[in-house]
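All heavy atoms count here, side chains included; hydrogens, waters and symmetry mates do not. One-based numbering along the sequence shown.
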Amino acid sequence: MNATEVVSSPSRNIKTAATDANHFILTFENNRLASELFGQFDQHLKLLEQRLQIEAHARGNSVAITGELQATNQARRALDFLYARLQSGGSVEASDVEGAIRMAVAADDQLTLPTLERKARLSMAQISTRKKTIAARTPTQDAYMRALERAELVFGVGPAGTGKTYLAVAHAAQLLERGVVDKIILSRPAVEAGERLGFLPGDMKDKVDPYLRPLYDALYDMIPGDKVERAITAGVIEIAPLAFMRGRTLANAAIILDEAQNTTSMQMKMFLTRLGENGRMIITGDPSQVDLPRGVTSGLVEALQVLKGVEGVSVVRFKDTDVVRHPLVGRIVQAYDAKYKVQDESEQADP
């Protein structure tokens, strides 16, 4: 059965021609942007082929996409979104293509998130800083980024590699640039260092900087390096171990606590009560990777129970399917989760 249909998208300058139910030809008016969209040696199209089980063949500024109807529509939505990103001055890398594919697939799954609807075009939450713009790469990231916009206290919990800390720092940088807050405070509980800090060389900053390095790395990704250094010197950006937070009231600040699973109950309560007027607090951690001594309750685990249903608090839970760091990381997390599940079932079966 053949059908001829022409769909025009003026805002993106894309014309779509369909010759049958599962074959589309997308033509992009800007040849340079089309080349960036397809990727070097069409690597982005090859990624679409692998993930969606379709065929994508580029010719000039057009690409013919063939496959099952749902998959071809997902490919069209992904390319439409990515082309719009290029038109707005952004860039497209393999990770962005991966994210667009995930979101296009999720848009067809009404059970993934209640806020997702089947749409002709993708709608992803974004965080924009002076240095870069970040778009959600999974439905959970989308929910997390939207929660950061509306809630005063947000918990992002789940496995490594899901972007919890990175997006939290990006959001804080955005708030600072907009003038919504006057400063950024980044903290971690220095559990691994403990009393051994005294044996490390240098002053206190030299001792704790290596442990706080992931927070620095995320900052430098969002804000030009020279501005980060000046902001740290001026106290506009503060990076410190959790113990340094005691006794303070943090107003007009974006406050991030990373690796929160390694806080004790008292430390978590102390941190939560630091929130001052016009403050935003983001707490990230992975309850499955607690490094506290055996028998010590994780402050993060307890807080998630105590604050359940409290107005102004939002909790976003990431899963292994949300890992964006590297495909292998997701498989590693799944393998460990499967191992622990078998162990738990075995322990429960023992009399």
Side-chain angles (χ1 to χ4, degrees), residues 7 9 12-109 112 118-124 126 132-142 161-163 166 320-335:
V7 181
S9 178
R12 292 169 174 76
N13 295 320
I14 301 174
K15 295 178 181 178
T16 306
T19 56
D20 56 45
N22 59 353
H23 179 80
F24 297 97
I25 299 175
L26 305 181
T27 301
F28 304 89
E29 294 186 1
N30 188 309
N31 290 344
R32 180 182 62 82
L33 295 184
S35 178
E36 292 183 36
L37 177 64
F38 300 159
Q40 188 175 20
F41 305 117
D42 295 339
Q43 61 179 354
H44 295 163
L45 297 181
K46 292 175 182 175
L47 194 55
L48 280 171
E49 289 182 322
Q50 294 169 5
R51 298 291 184 265
L52 297 176
Q53 300 299 302
I54 61 169
E55 293 182 7
H57 301 286
R59 185 173 182 180
N61 62 335
S62 297
V63 56
I65 300 175
T66 305
E68 294 184 358
L69 179 60
Q70 185 179 50
T72 55
N73 283 333
Q74 289 167 353
R76 177 172 57 182
R77 288 199 297 269
L79 289 171
D80 179 57
F81 173 81
L82 294 169
Y83 186 70
R85 181 186 177 110
L86 289 168
Q87 282 190 310
S88 65
S91 61
V92 170
E93 301 176 0
S95 57
D96 300 310
V97 180
E98 288 271 14
I101 293 171
R102 289 190 192 210
M103 295 299 290
V105 171
D108 280 337
D109 183 1
T112 302
R118 295 190 178 188
K119 299 177 180 178
R121 298 175 186 169
L122 291 183
S123 176
M124 302 184 195
Q126 295 186 346
K132 67 191 305 182
T133 297
I134 305 163
R137 294 180 182 174
T138 71
T140 310
Q141 280 196 356
D142 186 81
T162 52
Y166 189 79
D320 51 40
T321 52
D322 295 304
V323 173
V324 295
R325 184 172 292 169
H326 188 287
L328 181 57
V329 175
R331 296 194 290 272
I332 290 171
V333 171
Q334 290 173 350

What heavy-atom pair brings [X] and [Y] nearest, and what distance separates the two atoms?
| X | Y | result |
| --- | --- | --- |
| Ile54 | Gly67 | CG2-CA, 4.4 Å |
| Tyr83 | Leu37 | N-CD1, 4.0 Å |
| Val63 | Ala56 | CG2-CB, 4.1 Å |
| Gln141 | Gly163 | NE2-CA, 4.1 Å |
| Gly60 | Phe38 | O-CE1, 3.6 Å |
| Arg85 | Thr133 | NH2-O, 3.1 Å |

Would a 4.5 Å heavy-atom cut-off, applied to side chains only, mark [X] and [Y] as touching?
| X | Y | value |
| --- | --- | --- |
| Asn61 | Asn30 | no |
| Arg51 | Glu98 | yes |
| His23 | Thr66 | yes |
| Arg137 | Asp96 | yes |

- [ ] Verify whether one side chain among Asp322 and Thr138 offers a donor that lies under 3.5 Å from an acceptor in the other.
- [x]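 Yes - a donor-acceptor pair under 3.5 Å links their side chains.
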Task: Partners meeting salt bridge (charged side-chain N to carboxylate O under 4.0 Å, His left out) with Lys132 (sequence neighbours left out) - done: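 Salt bridge (charged side-chain N to carboxylate O under 4.0 Å, His left out) check on Lys132 returns Asp221.
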Open item on the list: The criterion is salt bridge (charged side-chain N to carboxylate O under 4.0 Å, His left out); which residues satisfy it with Asp42, sequence neighbours excluded?
Closed with: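 With neighbours one apart ignored, the set is empty.
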Look up atom [atom1] in [X] and atom [atom2] in [Y], then write down how far apart they are to the nearest 0.5 Å.
| X | Y | atom1 | atom2 | result |
| --- | --- | --- | --- | --- |
| Leu26 | Leu79 | CG | CG | 6.0 Å |
| Ser91 | Leu86 | OG | CG | 7.5 Å |
| Leu48 | Arg76 | CG | CZ | 13.5 Å |
| Leu82 | Glu36 | CG | CD | 12.0 Å |
| Ile65 | Glu49 | CD1 | CD | 9.5 Å |
| Phe81 | Ile101 | CZ | CD1 | 12.5 Å |

- [ ] Return the set of residues passing side chain to side chain donor-acceptor pair (under 3.5 Å) with Arg102 (not counting sequence neighbours), or none when no residue passes.
- [x]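 Side chain to side chain donor-acceptor pair (under 3.5 Å) check on Arg102 returns nothing, list empty.
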